[in-house]
S.K.: 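Supplied in structure tokens, the structure appears directly below.
In what follows, chains carry the letters A, B, and so on, assigned in the order in which the sequence lines appear, proteins first and then strands, with residues in each chain numbered from 1.
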Protein chains: 2
Amino acid sequence: MAYATIRDVARRAGVSVSTVSRALNDSGRISQETRDRVRQVIEELQYVPDSRARSMHSLHSQAVGLLIPDIRNSYFADLAYSVQHELLRHDLQTLICTADDRPDQERTLVGNLLGQHIDGAIVVPSPSPSPAVDRLLRQGIPVVYIDRTPSAGPDGQTGRVPVVDADPRSGLRSAIADLHAQGHRRVTLITGSLEDSDTLRERRRVFERELSRFPDMSDPQTQDPGIRLGWEPGSTARNARLAAVLKERGTTAVVFSRSQDAIEALGTFQGAGWVIGRDLSLVSFDDLPIFSLLTPSISVISQQVDRMGAVSVATLLRLMKGEEARSLRLETRYIRRQSVGPSPGSAAGVTAPPGTPVLPNGRRVCKGQPGGTGNDP
Amino acid sequence: MAYATIRDVARRAGVSVSTVSRALNDSGRISQETRDRVRQVIEELQYVPDSRARSMHSLHSQAVGLLIPDIRNSYFADLAYSVQHELLRHDLQTLICTADDRPDQERTLVGNLLGQHIDGAIVVPSPSPSPAVDRLLRQGIPVVYIDRTPSAGPDGQTGRVPVVDADPRSGLRSAIADLHAQGHRRVTLITGSLEDSDTLRERRRVFERELSRFPDMSDPQTQDPGIRLGWEPGSTARNARLAAVLKERGTTAVVFSRSQDAIEALGTFQGAGWVIGRDLSLVSFDDLPIFSLLTPSISVISQQVDRMGAVSVATLLRLMKGEEARSLRLETRYIRRQSVGPSPGSAAGVTAPPGTPVLPNGRRVCKGQPGGTGNDP
DNA sequence: CTGAAAGCGCTAACAC
DNA sequence: GTGTTAGCGCTTTCAG
């Protein structure tokens with residue numbers, strides 16, 4: 001069935017196309033009466049204005065591109081959801097593009113986006129500087145980086161792009177304070193290979209700094225409070241080795257920099273006879289939905305993706321209005337759950353220290369409530 | 001910076017716009033020489049044709065809508081990924097819309113899609129018949145349903161929409177056969193409330209039928225091999241009750257109809273001192289990425305989302321070409337992992353029965369390889 | 001308050 | 001082979 005056009009409506013309502021247009025947009029001068037009649041006809045004909053034709057004049061396509069590495073990753077899916085809903089509130093459509101961190105695919109996708117004359121873009125920058133994103137920038141399209149700080153490219157271009165990401169400090173500080181209060185003195189960070197990622201490098205650096213605020217938590221034997229794991233996907237051998245190292249160090253609590261490592265190691269720890277939250281306390285970055293579903297539920301340092309989505313959209317809107325916009329770091333938040341308990345052989349931890357933000361057994365609402373992480377009061 | 005238009009290119013190349021158009025589309029007669037020159041200029045100007053203007057003629061927008069309940073759900077995210085990549089191979093853009101199973105939101109989103117004159121749509125039908133989707137149908141837009149069979153609405157409209165979904169039979173049959181071979185005789189299905197979902201109802205029905213093929217597996221005490229769980233999100237109490245019921249029944253193996261229930265129950269079972277794969281064998285529907293990461297890894301009945309995406313796209317393409325397209329049910333596949341082991345107190349299960357499709361500790365490749373589930377030879 | 005007409009960027013006849 | 005021209009469906013002056 002062919003689409004009804006504005007002419008069809010005009011004809012049927014006995015008016016001209018410009019009158020219909022005015023009725024559609026509440027613009028210009030139009031009498032209440034004709035407006036109602038036109039609206040009536042629009043209903044009858046199930047007329048939907050062609051947004052393509054429309055946007056060719058307005059210079060606004062009402063569409064925003066969202067470039068992420070992989071939609072299958074829970075974290076990015078949450079982010080996409082949040083961004084999309086926030087944009088929808090502003091009558092903007094989100095074009096979700098999964099670039100797989102592959103430059104060629106990025107090129108194709110950005111080409112598509114340019115062809116549609118998107119009004120703006122929200123981009124998770126890939127590890128290496130991206131020529132595709134530069135193209136957006138050169139075209140003068142407002143861009144906001146999200147989640148990762150891009151490696152400063154040699155071209156000054158990216159210099160003026162606002163970044164919205166998470167500051168690991170607040171979350172790590174609370175987590176370490178809580179672990180300390182629970183009597184833990186030997187806390188180990190488990191991180192991925194640091195070369196790959198600024199994010200991981202920063203977490204590591206901040207972890208060390210925050211740990212050093214407690215003199216009794218420094219480890220006299222090992223200078224190095226962190227353990228690096230390669231990217232080999234969770235070999236059992238690797239996790240077994242990990243368990244051995246922890247035992248040798250006398251570690252009573254671990255913080256995982258990458259949620260995936262935490263998931264993989266969990267079973268190994270339990271298989272080794274450790275009860276998580278009793279024999280070993282465990283905290284992971286990223287508040288994945290699954291972490292609150294598992295038993296024991298896993299304490300996390302939340303990146304607050306919902307807020308990140310909302311804030312990045314707000315930043316983009318500002319840019320789109322031609323206003324200035326600055327980079328912003330969101331606080332991470334420590335959420336205590338069952339996986340953290342008092343250190344074995346310690347009398348501490350019966351009560352949490354005042355001021356520690358703790359949500360015992362915090363549960364995440366999954367359906368329908370974007371903000372339902374329970375983080376915000 | 002303003003976009004370069006086809007006129008800019010024409011002017012600069014010293015030709016007319018139609019010549020540029022021909023160079024762009026390799027259509028009509030054009031000399032090699034001028035074509036190269038035009039291409040040259042296009043490069044220089046970084047010219048990108050305006051797909052909106054373009055599509056106003058061709059009657060094709062090269063865009064397809066994908067309507068899913070929630071992108072945050074791993075299962076749908078996987079599906080979206082698969083669909084999007086498959087469509088991209090055919091130079092079609094995917095407009096991912098998360099409808100939250102809310103009719104009003106569906107209305108808005110479908111309105112947007114109509115406004116863009118999408119060439120087709122792939123839709124996960126919501127439990128109740130959707131007026132929004134009917135609107136697409138009335139407009140004559142090719143639609144394919146995916147994953148769920150829609151409740152037959154009173155309007156004949158939806159009758160002619162092909163459905164691509166998963167047939168639980170093959171997977172359940174293999175799973176039950178494997179469990180039987182492992183010595184399990186008391187197998188229980190754990191399902192959600194059946195009223196909500198045709199899918200769950202069917203799984204339940206097929207489970208009973210497949211179970212009855214083994215005379216020694218029927219349960220003399222309980223007529224009812226299934227346990228229904230409400231939707232209360234994983235209350236500890238509920239899971240504890242579940243454990244008690246299983247013990248009382250003498251169940252040695254469980255099959256979860258909903259992956260979420262499996263995740264929630266896992267910890268409770270382990271907390272009760274059961275070793276999964278030894279004291280209790282466990283199979284879940286849906287091959288979520290996490291299931292292969294956990295220790296023990298979880299045996300699953302895979303819906304083969306990758307294939308489902310590919311097949312639904314193929315079906316849609318057929319429809320878009322005006323050809324007939326039929327509904328299709330994909331086989332589900334049982335993938336054995338560590339969570340299934342021999343029944344306690346049974347001598348069986350040392351070897352798997354011949355012909356049973358088994359992938360011990362099957363691991364899912366997450367990055368970069370759409371087809372990397374390891375299901376396809 | 002309403003209508004006629006120009007044009008957004010592109011494609012597709014039709015001429016030359 | 002290439003240029004001219006008429007639209008696609010809409011918004012937006014500019015007259016009435």
Side-chain angles (χ1 to χ4, degrees), chain A residues 1-39 41-42 45-63 111-119 139, chain B residues 1-39 41-42 45-63 111-119 139:
Chain A
M1 199 171 328
Y3 285 92
T5 76
I6 198 173
R7 300 176 108 93
D8 299 329
V9 177
R11 195 158 24 230
R12 183 126 178 215
V15 294
S16 73
V17 286
S18 39
T19 304
V20 177
S21 176
R22 281 188 275 261
L24 275 173
N25 307 301
D26 276 328
S27 65
R29 289 162 300 253
I30 186 173
S31 77
Q32 178 71 27
E33 191 187 5
T34 47
R35 216 201 51 170
D36 287 348
R37 187 152 40 90
V38 170
R39 294 259 168 110
V41 175
I42 286 177
L45 259 51
Q46 291 270 346
Y47 165 72
V48 179
D50 186 328
S51 58
R52 302 166 305 171
R54 211 171 203 181
S55 72
M56 287 188 57
H57 287 264
S58 59
L59 299 185
H60 296 297
S61 60
Q62 305 287 51
N112 283 347
L113 294 177
L114 278 173
Q116 284 168 82
H117 291 208
I118 50 167
D119 294 339
Q139 195 51 253
Chain B
M1 198 167 331
Y3 285 91
T5 77
I6 198 172
R7 300 176 109 94
D8 299 329
V9 178
R11 196 158 24 229
R12 181 124 178 215
V15 294
S16 74
V17 287
S18 43
T19 304
V20 177
S21 177
R22 279 188 276 259
L24 275 173
N25 306 304
D26 277 327
S27 66
R29 290 165 299 254
I30 186 173
S31 77
Q32 178 71 26
E33 191 187 3
T34 48
R35 214 200 54 168
D36 287 348
R37 186 152 40 92
V38 170
R39 295 258 168 111
V41 174
I42 286 178
L45 260 49
Q46 291 271 345
Y47 165 71
V48 179
D50 187 328
S51 57
R52 303 166 304 171
R54 212 171 203 181
S55 72
M56 287 188 57
H57 287 263
S58 59
L59 300 185
H60 296 298
S61 60
Q62 305 286 51
N112 282 347
L113 294 178
L114 279 173
Q116 285 168 81
H117 290 209
I118 50 167
D119 294 338
Q139 194 51 252

S.K.: Answer with base, sugar-phosphate or nothing: what part of the nucleic acid does B:Ser31 contact at a heavy-atom distance below 4.0 Å?
M.R.: sugar-phosphate
S.K.: Grab the CE-P distance between B:Met56 and C:dC10 for me, whole Å please.
M.R.: 12 Å
S.K.: Is A:Ser16 near enough to C:dT2 that one of its side-chain N or O atoms lies under 4.0 angstrom from OP1 or OP2?
M.R.: no
S.K.: Give a yes or no on whether a donor-acceptor pair under 3.5 Å exists between the nucleobase atoms of D:dT4, that is its base, and the side chain of B:Ser18.
M.R.: yes
S.K.: Output the rounded distance in Å from CD1 (B:Ile30) to C1' (D:dG1).
M.R.: 8 Å
S.K.: Output yes when at least one side-chain N/O atom of A:Tyr47 is less than 4.0 Å from OP1 or OP2 of D:dC10, else no.
M.R.: yes
S.K.: Check this one for me: any side-chain N or O of B:Ser21 less than 4.0 Å away from OP1 or OP2 of C:dT11?
M.R.: yes
S.K.: Can you find a side-chain donor-acceptor pair between A:Ser55 and B:Arg52 that sits under 3.5 Å?
M.R.: yes
S.K.: Write down the distance between CG (B:Leu114) and P (D:dG9), rounded to a whole number of angstrom.
M.R.: 15 Å
S.K.: Whole Å only: how far is the NE2 atom of A:His57 from the C1' atom of C:dG7?
M.R.: 7 Å
S.K.: Would you indicate, yes or no, if C:dT2 has its OP1 or OP2 atom less than 4.0 angstrom from a side-chain nitrogen or oxygen of A:Thr34?
M.R.: yes
S.K.: Provide, to the nearest angstrom, the distance between the CZ atom belonging to A:Arg29 and the P atom belonging to D:dC14.
M.R.: 13 Å
S.K.: Might you point out which heavy atoms bring B:His117 and B:Ser61 nearest each other, and give the distance in Å?
M.R.: O-OG, 2.7 Å
S.K.: Using a heavy-atom cut-off of under 4.0 Å over every strand shown, decide if A:Arg52 touches base, sugar-phosphate, or nothing.
M.R.: nothing
S.K.: How far does OG of B:Ser16 sit from CZ of B:Arg11, to the nearest 0.5 angstrom?
M.R.: 12.5 Å
S.K.: Within the structure, does a side-chain N or O atom of A:Thr19 lie under 4.0 Å from either OP1 or OP2 of C:dG3?
M.R.: yes
S.K.: Closest nucleotide of DNA chain D for A:Ser27 versus for A:Tyr3: which of these residues is on the 5' side?
M.R.: A:Tyr3
S.K.: Whole angstrom is fine here: how far is it from CZ in B:Arg11 over to P in C:dC10?
M.R.: 12 Å
S.K.: Can you confirm whether B:Ile6 sits close enough to B:Tyr47 that some side-chain heavy atom of one is under 4.5 Å from a side-chain heavy atom of the other?
M.R.: yes
S.K.: What is the distance, to the nearest angstrom, from the CG atom on B:Asp26 to the P atom on C:dA12?
M.R.: 13 Å
S.K.: Indicate whether OP1 or OP2 belonging to D:dC8 is found under 4.0 Å from a side-chain N or O atom of B:Ser55.
M.R.: no
S.K.: Of B:Val48 and B:Arg22, whose nearest nucleotide on DNA chain C comes first from the 5' end?
M.R.: B:Val48
S.K.: In whole angstrom, what separates A:Arg35's CZ from C:dC1's P?
M.R.: 12 Å
S.K.: Going by heavy atoms in the side chains, are A:Arg35 and A:Asp26 under 4.5 Å from each other?
M.R.: yes
